[in-house]
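In what follows, chains are A, B, ... by sequence order, proteins preceding strands, each numbered from 1.
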2 protein chains.
Amino acid sequence: MNWQDKLNKEGLRLTTPRRVVISVLEAAGVPLSPQTIHQRSLDADEEIGLVSVYRTLEMLTDLGLVRRVHGHEACLGYVLASPGHHHHLVCRSCSTAVEFSGMDDLSTLIDHIQEETGFLVDEHMLQFSGLCPQCRKRTPHHDQD
Amino acid sequence: MNWQDKLNKEGLRLTTPRRVVISVLEAAGVPLSPQTIHQRSLDADEEIGLVSVYRTLEMLTDLGLVRRVHGHEACLGYVLASPGHHHHLVCRSCSTAVEFSGMDDLSTLIDHIQEETGFLVDEHMLQFSGLCPQCRKRTPHHDQD
DNA sequence: TCCTTATTGAAAATAGTTTTCAATAAGAAA
DNA sequence: TTTCTTATTGAAAACTATTTTCAATAAGGA
């Protein structure tokens with residue numbers, strides 16, 4: 001299903017600002033902040049309002065079509081999300097973000113945690129950072145820098 | 001080692017504002033925002049500047065003595081951290097935060113991810129939310145897992 | 001107690017995000 | 001295509017969060 005249909009299905013319209021936000025995210029492939037997305041729309045001569053960037057990101061996040069990615073210190077930004085998967089792996093050198101599913105290993109962990117703590121775990125946030133294959137090659141040593 | 005020594009060891013001073021921030025965090029046991037910490041200092045007739053709250057949190061975070069806790073949407077706040085452990089489990093009802101270690105299960109997961117993606121994983125952020133034992137009891141149904 | 005200097009707090013500066021509202025344009029219907 | 005309804009836009013203002021500046025203060029070693 002294309003973006004047009006995805007939005008129309010929800011009674012939403014595929015407008016120019018929304019199209020631009022989506023294409024910027026598609027072109028980037030790394031988490032981008034609202035400010036960065038706005039700047040890139042200017043760079044591409046597709047000026048849209050910063051306010052619309054915020055509203056579009058909120059809408060797409062609600063629909064599960066983009067995901068917020070966090071670092072330890074702050075929110076890194078937003079990336080397009082494929083539905084159903086919830087985890088990101090971000091390269092700390094080039095910021096490339098990859099999605100992965102790890103529910104099998106994770107459900108074991110969740111079981112252990114529930115036993116240990118007595119909590120009922122129903123939501124989780126798991127993110128990894130490291131070096132992507134390209135940046136590993138570029139780095140002389142394979143340890144950590 | 002007490003707080004006095006922990007700070008002095010680093011050439012830092014244990015001042016009244018720092019003492020207040022720490023005691024508010026100790027008393028809370030749940031993640032608190034800078035604003036909330038400030039408000040509680042007023043409530044306790046221990047007025048300190050909001051600016052000092054920010055600076056104290058930054059300092060304690062740098063020393064690894066407090067940790068930022070994130071939710072999917074935003075930063076939930078700061079909690080005291082015991083050194084070495086990195087994961088939090090937060091109750092979505094009462095915000096109680098518990099630390100846990102899950103490195104055994106997690107290292108399996110990390111191995112799998114490294115194989116699948118070719119990334120070198122060197123940092124991770126893992127947080128869970130759910131219901132703590134007390135809030136489970138208060139909740140009528142135990143249905144959804 | 002004295003002295004050095006890390007730290008404080010008020011205000012101002014900066015940054016990030018949300019709300020308001022009249023004007024616009026998407027997309028369904030004719 | 002044209003018309004119509006209303007979701008959406010964008011500029012400005014409001015709001016909230018965070019950082020910087022700097023003179024005054026106080027922590028803790030000598």
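In this structure, the side chain of A:Q114 engages the main chain of A:V121 through a donor-acceptor pair within 3.5 Å. Side chain of B:H38 to main chain of B:V53: no donor-acceptor pair is present (N/O by atom type, distance under 3.5 Å, no hydrogens or angles). Side-chain N or O atoms of B:N8 include one that pairs as donor or acceptor with a backbone N or O of B:L12 at under 3.5 Å. Side chain of B:Q127 to main chain of B:H70: a donor-acceptor pair is present (N/O by atom type, distance under 3.5 Å, no hydrogens or angles). B:R18 places a side-chain N or O within donor-acceptor distance of the main-chain N or O of B:R13, the cut-off being under 3.5 Å.
Rounding to whole angstrom units, CD1 of residue A:I37 and P of C:dG16 are separated by 14 Å. Summarising the geometry, the separation between CD on B:E10 and P on C:dT5 is reported as 19 Å, rounded to the nearest angstrom. When rounded to the nearest whole Å, the span between CH2 of B:W3 and P of D:dA27 equals 19 Å.
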Produce the list of close N/O pairs, under 3.5 Å, pairing protein atoms with atoms of nucleotides 27-30 of chain C; give distances to one decimal.
{"unit_1": "C:dG27", "atom_1": "OP1", "unit_2": "A:Q4", "atom_2": "NE2", "d": "2.8"}
{"unit_1": "C:dG27", "atom_1": "OP1", "unit_2": "A:N8", "atom_2": "ND2", "d": "3.2"}
{"unit_1": "C:dG27", "atom_1": "OP1", "unit_2": "A:L14", "atom_2": "N", "d": "2.9"}

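Residue whose closest nucleotide on DNA chain D sits further toward the 5' end, between B:T16 and A:T16: A:T16.
A side-chain donor-acceptor contact under 3.5 Å links A:Y54 and A:Q35.
Contact check, A:R18 against D:dT9: a side-chain N or O comes under 4.0 Å of OP1 or OP2.
Atom CZ in A:R40 sits 5.0 Å away from atom CG in A:L32 (nearest 0.5 Å).
The pair B:E99-B:R67 meets the salt-bridge criterion, with a side-chain N (NZ, NE, NH1 or NH2) lying under 4.0 Å from an Asp/Glu carboxylate O.
Taking a 4.0 Å limit (strictly below) on heavy-atom distances, residues 45-62 of chain B reaches DNA chain C at B:I48, B:G49, B:V51, B:S52, B:R55.
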